[in-house]
2 protein chains.
Amino acid sequence: MIELSKAEFEVLDALWLNYPATASQIIERLSDEKQWHEKTIKTLLGRLVKKGALSFEKDGRQYIYTPCMERAEYTLKESQNFIERFFSGRIAPLVSGFAKSEQLSQQDINELKKVIDDWEKQQK
Amino acid sequence: MIELSKAEFEVLDALWLNYPATASQIIERLSDEKQWHEKTIKTLLGRLVKKGALSFEKDGRQYIYTPCMERAEYTLKESQNFIERFFSGRIAPLVSGFAKSEQLSQQDINELKKVIDDWEKQQK
DNA sequence: AAATTATGATTACAGGTGTAATCTAAACTT
DNA sequence: AAGTTTAGATTACACCTGTAATCATAATTT
């Protein structure tokens, strides 16, 4: 699995919003939430390329970046990894921990029910 | 939140198995799964103490370590953090990602149903 | 054409991390 | 009592990370 740092992920996440995109577009998108210097974001873009998380094409002297994987694919791997590390690979204990500490809303419950429902339908 | 590295967490996890415990007991427990040198584990214990994740009492020249928090408490915080970062704080999309990629077993579904059930009962 | 600007590349630098080795002193052996 | 072992403390060191600044160069402006 490609290992991304927190900051690297946030840059990639800004690209996932809409891609391909140039560095300046990504910087623009991040400018609301983060106080990062433009140089910082460029450094992170470079590291993402080096790690194989992004590819780019040249357009004049600019680069046009594209993620090398989909967000869902990446977050799935991260999730598996997380659940393996903290809950021996079982997902229910994670949800159960939320329930016990009153972190679940009725909306969460409804959404979870739907996921279960869909899963069962799909099993037929 | 106390931030622990991967390796630090694994050492703490070995202590959570049964505590209080001495360094040598922890080293013994980890010896099956990890190829860590004894010195490495001692370094990690020291870092855990420094970060405030462990406390200890002296017993002759040995230390007897105790975690400063419960496992469930720590994993809950990590989970919240994780879900915030990758799923904007919503838990259902994480579970849904597992479902879509066929990572859910019937057992997982049963366990999830029980969590939901218990939650609903508790709401009365 | 010269000056300025903007882009990516390279360099910087402190603090965290994995992975120990060495040091120091107390406890145990002989 | 002297030597040896062992526990924790200190030091080591390369790579990762956050956070840029500087450099080289191509494009744009004047």
Side-chain angles (χ1 to χ4, degrees), chain A residues 1-15 19-67 74 78 81-82 85-86, chain B residues 1-15 19-67 74 78 81-82 85-86:
Chain A
M1 189 173 62
I2 296 183
E3 300 267 0
L4 304 182
S5 79
K6 242 165 159 150
E8 285 158 4
F9 173 78
E10 295 190 63
V11 171
L12 178 50
D13 215 14
L15 178 58
Y19 58 84
T22 64
S24 22
Q25 291 175 319
I26 295 170
I27 290 167
E28 174 56 30
R29 286 176 203 168
L30 286 166
S31 68
D32 301 330
E33 306 140 54
K34 312 297 290 185
Q35 308 310 313
W36 281 336
H37 195 286
E38 159 219 1
K39 300 295 189 184
T40 299
I41 297 174
K42 296 228 175 137
T43 296
L44 293 169
L45 283 169
R47 289 181 186 169
L48 284 163
V49 168
K50 195 170 167 196
K51 287 187 178 186
L54 299 185
S55 66
F56 62 85
E57 276 184 56
K58 286 197 186 177
D59 171 34
R61 65 172 160 162
Q62 291 197 131
Y63 288 177
I64 302 192
Y65 296 95
T66 307
Y74 180 76
E78 282 295 323
N81 203 279
F82 180 85
R85 281 177 2 87
F86 294 104
Chain B
M1 189 175 59
I2 298 184
E3 300 266 1
L4 304 182
S5 78
K6 241 166 160 151
E8 285 158 4
F9 173 78
E10 293 190 64
V11 171
L12 177 51
D13 214 14
L15 179 57
Y19 57 85
T22 63
S24 22
Q25 290 174 320
I26 295 170
I27 290 166
E28 174 57 29
R29 286 176 204 168
L30 285 166
S31 67
D32 300 331
E33 305 139 54
K34 313 296 292 183
Q35 308 310 311
W36 282 337
H37 195 285
E38 161 220 0
K39 300 295 189 184
T40 299
I41 297 174
K42 297 230 174 135
T43 296
L44 293 169
L45 283 169
R47 290 181 185 169
L48 284 163
V49 168
K50 196 171 168 195
K51 289 187 178 186
L54 300 184
S55 66
F56 62 85
E57 274 184 57
K58 285 195 187 180
D59 172 34
R61 64 171 161 162
Q62 291 195 133
Y63 289 176
I64 304 192
Y65 297 95
T66 307
Y74 180 76
E78 281 295 323
N81 203 278
F82 180 86
R85 280 172 11 81
F86 293 106

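Numbers restart at 1 for each chain; the letters A, B, ... are given by sequence-line order, proteins then strands.
- B:K58 places a side-chain heavy atom less than 4.5 Å from the side chain of B:Y63.
- Atoms CD1 and CD, on B:I2 and B:E8 in that order, are 10.5 Å from each other to the nearest 0.5 Å.
- Salt-bridge formation is not detected for the pair B:K6/B:E10: no Lys NZ or Arg NE/NH1/NH2 atom is positioned less than 4.0 Å from an Asp or Glu carboxylate oxygen.
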Could you check B:R47 against B:L4 for side chain to side chain contact (heavy atoms under 4.5 Å, CB included), going step by step and ending with a plain yes or no? CA-CA 9 Å; B:R47 290 181 185 169; B:L4 304 182; over 6 Å; no
Scan nucleotides 19-30 of chain D nucleotide by nucleotide, 5' to 3', and note B when protein non-hydrogen atoms come under 4.0 Å of the base, S if they reach only the sugar-phosphate, - if neither. BBBB---BS---
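- Distance CZ (B:F56) to P (D:dA7): 15 Å, rounded to an integer number of Å.
- Closest approach of A:A21 to A:R29, counting heavy atoms only: CB-NH2, 3.7 Å.
- Residue B:T22 is the one, among B:T22 and A:L4, whose nearest nucleotide of DNA chain D lies closer to the 5' end (criterion: closest heavy atom).
- In this entry the distance linking CD of A:Q25 with P of C:dA6 reads 16 Å, nearest Å.
- The distance from atom CD1 of B:I27 to atom C1' of D:dG8 is 11 Å, rounded to the nearest whole Å.
- Dashed line: the shortest gap from a side-chain N or O of A:S5 to OP1 or OP2 of D:dG18 is under 4.0 Å.
- Residue B:K51 is classed as a sugar-phosphate contact, given heavy-atom separations below 4.0 Å to backbone atoms only.
- Relative ring orientation between B:F86 and A:Y74 is described as tilted, the plane-to-plane angle lying within the 30° to 60° band.
- Atom pair A:L45:CG and C:dT10:P shows a separation of 15 Å (rounding to whole Å applied).
- Place A:E3 and B:Q62 on DNA chain D by their nearest nucleotides, and B:Q62 ends up nearer the 5' end.
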From CA spacing to verdict: side chain to side chain contact (heavy atoms under 4.5 Å, CB included), A:Y65, A:Q25: CA-CA 10 Å; A:Y65 296 95; A:Q25 291 175 319; over 6 Å; no
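- For the pair A:D59 CG and C:dT7 P, the interatomic distance rounds to 12 Å; values are reported in whole Å.
- Distance, A:K6 NZ to C:dG16 P: 14 Å, rounded to whole Å.
- Look at CG on B:L30: it is 13 Å from P on C:dT19, rounded to the nearest Å.
- Per the geometry, CD belonging to A:E28 stands 15 Å off P belonging to C:dA6, to the nearest Å.
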